[in-house]
Q: 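Attaching a single structure in C-alpha coordinates format; questions to follow.
Atoms within a ligand are numbered from 1 in the order they appear, just like the ligands themselves. Computed from a predicted structure; not experimentally measured.
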Amino acid sequence: RYRKTIIAGNWKMNKTPAEAKALIEEMKPLLSKTKWCEMVLCVPFTDIQVAVKAAKGSKIAIGAENMHFEKSGAFTGEISADMLKELGVKYVIIGHSERRQYFNETDEACNKKVLVALENGLRPILCVGESLTEREQDVTMEVIRKQIKIALQGVAVEDIKKVVIAYEPIWAIGTGKTATAEQAGEVCGAIRDCLREKYGARAARGITIQYGGSMNAKNAAELLAQPDVDGGLIGGASLKSADFATIVEAAN
Ligand code: 3PY
(Lines give C-alpha, C1' and ligand atoms only; values in the text may rest on other atoms or scores of the structure.)
Protein backbone atom coordinates (compact mmCIF):
# COMPACT_ATOMS: atom_id res chain seq x y z
CA ARG A 1 0.00 0.00 0.00
CA TYR A 2 1.43 3.30 -1.09
CA ARG A 3 -1.01 5.48 0.81
CA LYS A 4 -3.46 5.51 3.68
CA THR A 5 -7.18 5.24 3.28
CA ILE A 6 -8.82 8.04 5.22
CA ILE A 7 -12.52 8.25 5.99
CA ALA A 8 -13.37 11.70 7.30
CA GLY A 9 -16.74 12.92 8.48
CA ASN A 10 -17.78 16.51 7.82
CA TRP A 11 -20.46 17.37 10.33
CA LYS A 12 -21.00 20.85 8.85
CA MET A 13 -23.19 23.03 11.13
CA ASN A 14 -24.66 20.17 13.14
CA LYS A 15 -24.45 18.94 16.75
CA THR A 16 -24.13 20.83 20.01
CA PRO A 17 -21.30 19.77 22.34
CA ALA A 18 -23.60 17.45 24.30
CA GLU A 19 -24.85 15.86 21.08
CA ALA A 20 -21.29 15.55 19.78
CA LYS A 21 -20.21 13.71 22.92
CA ALA A 22 -23.15 11.32 22.68
CA LEU A 23 -22.56 10.59 18.98
CA ILE A 24 -18.83 9.91 19.38
CA GLU A 25 -19.50 7.65 22.32
CA GLU A 26 -22.01 5.74 20.22
CA MET A 27 -19.49 5.47 17.35
CA LYS A 28 -16.47 4.37 19.37
CA PRO A 29 -17.37 0.70 19.90
CA LEU A 30 -18.48 0.40 16.26
CA LEU A 31 -15.17 1.72 14.95
CA SER A 32 -12.74 -0.20 17.11
CA LYS A 33 -11.80 -2.88 14.62
CA THR A 34 -10.21 -0.80 11.84
CA LYS A 35 -6.91 -1.90 10.39
CA TRP A 36 -6.01 0.11 7.32
CA CYS A 37 -8.32 2.96 7.54
CA GLU A 38 -7.74 6.23 9.38
CA MET A 39 -10.81 7.88 10.77
CA VAL A 40 -11.38 11.58 11.22
CA LEU A 41 -14.37 13.58 12.40
CA CYS A 42 -14.36 17.23 11.35
CA VAL A 43 -16.67 19.01 13.74
CA PRO A 44 -17.86 22.57 14.46
CA PHE A 45 -15.38 24.69 16.45
CA THR A 46 -17.63 24.63 19.51
CA ASP A 47 -17.56 20.81 19.57
CA ILE A 48 -13.80 20.36 19.28
CA GLN A 49 -12.90 20.24 22.95
CA VAL A 50 -15.62 17.76 23.83
CA ALA A 51 -14.94 15.70 20.70
CA VAL A 52 -11.20 15.35 21.41
CA LYS A 53 -11.99 14.19 24.92
CA ALA A 54 -14.72 11.77 23.81
CA ALA A 55 -12.47 10.28 21.10
CA LYS A 56 -9.61 9.54 23.52
CA GLY A 57 -8.70 5.87 23.58
CA SER A 58 -10.09 5.35 20.07
CA LYS A 59 -8.48 5.72 16.64
CA ILE A 60 -10.69 8.66 15.75
CA ALA A 61 -8.79 11.88 15.06
CA ILE A 62 -10.59 15.20 15.32
CA GLY A 63 -10.53 17.83 12.59
CA ALA A 64 -11.87 21.35 12.12
CA GLU A 65 -14.04 22.46 9.20
CA ASN A 66 -12.20 25.71 8.49
CA MET A 67 -9.65 28.10 9.95
CA HIS A 68 -8.17 31.53 9.28
CA PHE A 69 -4.73 31.94 7.74
CA GLU A 70 -3.52 34.77 9.99
CA LYS A 71 -1.79 33.94 13.24
CA SER A 72 -3.79 36.36 15.39
CA GLY A 73 -5.21 39.86 15.35
CA ALA A 74 -8.26 41.88 14.37
CA PHE A 75 -10.28 39.20 12.55
CA THR A 76 -13.54 39.14 14.46
CA GLY A 77 -15.16 35.74 14.49
CA GLU A 78 -12.17 33.84 13.12
CA ILE A 79 -10.10 30.93 14.50
CA SER A 80 -6.35 30.42 14.02
CA ALA A 81 -4.25 27.30 13.49
CA ASP A 82 -2.63 27.79 16.92
CA MET A 83 -6.00 27.70 18.61
CA LEU A 84 -6.94 24.46 16.87
CA LYS A 85 -3.61 22.81 17.53
CA GLU A 86 -3.76 23.50 21.24
CA LEU A 87 -7.09 21.67 21.42
CA GLY A 88 -5.65 18.53 19.83
CA VAL A 89 -6.97 19.02 16.29
CA LYS A 90 -5.09 17.00 13.64
CA TYR A 91 -6.89 17.82 10.38
CA VAL A 92 -8.58 20.85 8.88
CA ILE A 93 -10.93 21.01 5.90
CA ILE A 94 -9.94 23.78 3.52
CA GLY A 95 -11.98 25.16 0.63
CA HIS A 96 -15.15 23.13 1.03
CA SER A 97 -17.49 24.18 -1.77
CA GLU A 98 -19.96 25.57 0.77
CA ARG A 99 -17.25 27.90 2.03
CA ARG A 100 -16.28 28.86 -1.51
CA GLN A 101 -19.93 29.48 -2.40
CA TYR A 102 -21.35 31.18 0.72
CA PHE A 103 -18.23 32.76 2.24
CA ASN A 104 -16.32 33.76 -0.88
CA GLU A 105 -13.35 31.54 -0.16
CA THR A 106 -10.94 31.85 -3.08
CA ASP A 107 -8.18 29.55 -4.33
CA GLU A 108 -5.68 32.16 -3.06
CA ALA A 109 -7.17 32.04 0.45
CA CYS A 110 -7.09 28.23 0.31
CA ASN A 111 -3.40 28.43 -0.57
CA LYS A 112 -2.64 30.59 2.47
CA LYS A 113 -4.62 28.24 4.69
CA VAL A 114 -2.90 25.12 3.34
CA LEU A 115 0.53 26.65 4.01
CA VAL A 116 -0.39 27.79 7.52
CA ALA A 117 -1.95 24.41 8.35
CA LEU A 118 1.23 22.60 7.30
CA GLU A 119 3.45 25.04 9.23
CA ASN A 120 1.43 24.21 12.32
CA GLY A 121 1.42 20.45 11.86
CA LEU A 122 -2.25 20.26 10.87
CA ARG A 123 -3.13 18.08 7.89
CA PRO A 124 -5.21 20.02 5.36
CA ILE A 125 -8.08 18.27 3.59
CA LEU A 126 -8.22 20.42 0.47
CA CYS A 127 -11.57 20.25 -1.32
CA VAL A 128 -11.80 20.71 -5.07
CA GLY A 129 -14.61 20.11 -7.53
CA GLU A 130 -16.58 21.37 -10.48
CA SER A 131 -20.09 22.77 -10.71
CA LEU A 132 -22.81 21.18 -12.82
CA THR A 133 -22.38 23.88 -15.51
CA GLU A 134 -18.65 23.30 -15.63
CA ARG A 135 -19.18 19.56 -16.03
CA GLU A 136 -21.68 20.17 -18.82
CA GLN A 137 -19.22 22.55 -20.50
CA ASP A 138 -16.60 19.81 -20.33
CA VAL A 139 -14.11 21.90 -18.35
CA THR A 140 -14.06 19.72 -15.20
CA MET A 141 -10.34 19.00 -15.26
CA GLU A 142 -9.35 22.55 -16.23
CA VAL A 143 -11.29 23.84 -13.20
CA ILE A 144 -9.83 21.27 -10.83
CA ARG A 145 -6.27 21.69 -12.09
CA LYS A 146 -6.53 25.41 -11.48
CA GLN A 147 -7.89 24.89 -7.96
CA ILE A 148 -5.10 22.45 -7.14
CA LYS A 149 -2.30 24.45 -8.71
CA ILE A 150 -3.21 27.65 -6.89
CA ALA A 151 -4.03 26.04 -3.54
CA LEU A 152 -0.74 24.12 -3.51
CA GLN A 153 1.57 26.99 -4.52
CA GLY A 154 4.67 26.82 -2.35
CA VAL A 155 3.91 23.40 -0.85
CA ALA A 156 7.21 21.49 -0.85
CA VAL A 157 7.54 17.92 -2.02
CA GLU A 158 8.42 16.81 1.55
CA ASP A 159 5.10 18.18 2.75
CA ILE A 160 2.77 17.09 -0.01
CA LYS A 161 2.01 13.68 1.51
CA LYS A 162 0.51 15.43 4.53
CA VAL A 163 -2.09 17.05 2.26
CA VAL A 164 -5.30 15.13 1.64
CA ILE A 165 -7.22 16.07 -1.51
CA ALA A 166 -11.00 15.64 -1.48
CA TYR A 167 -12.72 15.57 -4.85
CA GLU A 168 -16.23 16.85 -4.28
CA PRO A 169 -18.27 17.56 -7.39
CA ILE A 170 -20.48 20.48 -6.32
CA TRP A 171 -23.53 18.96 -8.02
CA ALA A 172 -23.22 15.95 -5.69
CA ILE A 173 -22.97 17.83 -2.40
CA GLY A 174 -25.96 17.57 -0.13
CA THR A 175 -28.12 16.83 -3.17
CA GLY A 176 -28.28 13.07 -2.76
CA LYS A 177 -26.74 12.80 -6.26
CA THR A 178 -23.50 10.86 -6.27
CA ALA A 179 -20.93 10.72 -9.02
CA THR A 180 -20.83 7.22 -10.48
CA ALA A 181 -17.87 5.20 -9.30
CA GLU A 182 -16.36 5.60 -12.79
CA GLN A 183 -16.77 9.39 -12.76
CA ALA A 184 -15.23 9.61 -9.29
CA GLY A 185 -12.38 7.28 -10.23
CA GLU A 186 -11.68 9.14 -13.44
CA VAL A 187 -11.38 12.56 -11.79
CA CYS A 188 -9.40 11.24 -8.81
CA GLY A 189 -7.02 9.62 -11.31
CA ALA A 190 -6.68 12.89 -13.21
CA ILE A 191 -5.98 14.68 -9.91
CA ARG A 192 -3.16 12.23 -9.26
CA ASP A 193 -1.79 12.92 -12.78
CA CYS A 194 -1.79 16.63 -11.97
CA LEU A 195 0.05 15.96 -8.68
CA ARG A 196 2.53 13.73 -10.53
CA GLU A 197 3.42 16.56 -12.93
CA LYS A 198 4.17 18.83 -10.01
CA TYR A 199 5.70 16.47 -7.46
CA GLY A 200 6.84 13.39 -9.37
CA ALA A 201 5.50 9.84 -9.51
CA ARG A 202 6.74 8.72 -6.11
CA ALA A 203 5.19 11.57 -4.17
CA ALA A 204 1.95 11.42 -6.16
CA ARG A 205 1.54 7.73 -5.35
CA GLY A 206 1.63 8.52 -1.63
CA ILE A 207 -1.12 11.15 -1.59
CA THR A 208 -4.55 10.26 -0.24
CA ILE A 209 -7.31 11.41 -2.59
CA GLN A 210 -10.84 11.17 -1.20
CA TYR A 211 -14.17 11.28 -2.93
CA GLY A 212 -16.86 13.38 -1.27
CA GLY A 213 -20.39 14.26 -2.19
CA SER A 214 -23.21 12.16 -0.83
CA MET A 215 -21.01 9.13 -0.13
CA ASN A 216 -23.10 6.87 2.07
CA ALA A 217 -23.38 3.37 3.51
CA LYS A 218 -24.88 2.04 0.25
CA ASN A 219 -22.49 3.47 -2.35
CA ALA A 220 -19.21 3.60 -0.37
CA ALA A 221 -17.86 0.16 -1.28
CA GLU A 222 -18.23 0.75 -5.00
CA LEU A 223 -16.64 4.21 -4.87
CA LEU A 224 -13.78 3.00 -2.66
CA ALA A 225 -13.07 0.11 -5.04
CA GLN A 226 -11.78 2.63 -7.62
CA PRO A 227 -7.97 2.49 -7.58
CA ASP A 228 -7.49 6.23 -7.17
CA VAL A 229 -10.23 6.75 -4.57
CA ASP A 230 -8.43 6.48 -1.24
CA GLY A 231 -11.19 7.37 1.14
CA GLY A 232 -14.14 9.64 1.57
CA LEU A 233 -15.22 12.97 2.98
CA ILE A 234 -18.65 12.15 4.32
CA GLY A 235 -21.43 14.65 4.95
CA GLY A 236 -24.84 13.47 6.18
CA ALA A 237 -23.84 9.84 6.71
CA SER A 238 -21.17 10.89 9.23
CA LEU A 239 -23.95 12.04 11.56
CA LYS A 240 -25.25 8.47 11.87
CA SER A 241 -23.04 6.06 13.77
CA ALA A 242 -24.16 2.90 11.97
CA ASP A 243 -23.77 4.45 8.51
CA PHE A 244 -20.37 5.89 9.30
CA ALA A 245 -19.24 2.51 10.66
CA THR A 246 -20.43 0.77 7.48
CA ILE A 247 -18.41 3.19 5.35
CA VAL A 248 -15.30 2.67 7.50
CA GLU A 249 -15.78 -1.09 7.18
CA ALA A 250 -15.99 -0.77 3.39
CA ALA A 251 -12.65 1.05 3.46
CA ASN A 252 -10.89 -1.48 5.67
C1 3PY B 1 -21.28 15.85 1.34
O2 3PY B 1 -21.18 14.63 1.48
O3 3PY B 1 -22.30 16.37 0.93
C4 3PY B 1 -20.14 16.72 1.66
O5 3PY B 1 -20.16 17.89 1.34
C6 3PY B 1 -18.99 16.18 2.39
O7 3PY B 1 -18.06 17.18 2.65
Q: Is V187 reachable from L233 through a run of hydrophobic residues whose side-chain heavy atoms are each under 4.5 Å from the next?
A: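 Different clusters.
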Q: Within a distance under 4.0 Å of any heavy atom of K12, pick out the atoms of ligand 1 and give their elements.
A: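 So the answer, numbered in order with elements, is 1 (C), 3 (O), 4 (C), 5 (O).
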Q: May I ask you to check whether over 12 heavy atoms, not counting those of K71, lie within 6.0 Å of atom NZ?
A: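 Atom NZ in K71 is not packed in, count stays at 12 or less.
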Q: Decide side chain to side chain contact (heavy atoms under 4.5 Å, CB included) for R100 and Q147; before the verdict, give the C-alpha distance in whole Å, the side-chain angles of both, and the deciding distance to 0.1 Å.
A: CA-CA 11 Å; R100 294 179 190 256; Q147 291 172 336; 4.1 Å; yes
Q: First locate atom CG of L23, then atom CD of E19, and finally report the distance between them rounded to the nearest 0.5 Å.
A: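 It is 9.0 Å, given to the nearest 0.5 Å.
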Q: Which residue and atom name correspond to the protein heavy atom nearest atom 7 (O) of ligand 1, and how close is it?
A: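 Of every protein heavy atom, E168 OE2, 2.8 Å lies nearest to atom 7 (O) of ligand 1.
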Q: Please confirm whether G236 comes within less than 3.5 Å of ligand 1 when only nitrogen or oxygen atoms on both sides are compared.
A: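 It does not: no N or O of G236 is found under 3.5 Å from an N or O of ligand 1.
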Q: Distance to the ring centre below 6.0 angstrom and angle to the axis at most 45 degrees; does that hold for R123 and Y91?
A: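 Relative to the ring axis of Y91, which defines the angle, R123 lies outside at least one limit.
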Q: I need the nearest protein heavy-atom contact for atom 3 (O) of ligand 1: residue, atom name and distance, please.
A: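 Scanning the protein heavy atoms, the shortest distance from atom 3 (O) of ligand 1 goes to G174 N, 3.1 Å.
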Q: Taking only heavy atoms of S214, which atoms of ligand 1 are found under 4.0 Å from at least one of them?
A: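 So the atoms of ligand 1 that pass are 1 (C), 2 (O), 3 (O).
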Q: What do you reckon, does G212 put a non-hydrogen atom under 4.0 Å from ligand 1?
A: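 Flag not set, G212 not near ligand 1.
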Q: For G235, take its heavy atoms, then give the atoms of ligand 1 lying under 4.0 Å from any of them.
A: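 This gives 1 (C), 2 (O), 6 (C) as the contact atoms.
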Q: Could you see which bit of I173 sits under 4.0 Å from ligand 1, with heavy atoms only: side chain, backbone, both or neither?
A: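 Both backbone and side chain.
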Q: Hey, could you give me the CG/CG distance between L152 and L126, rounded to the nearest 0.5 Å?
A: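 Here the rounded value is 6.0 Å.
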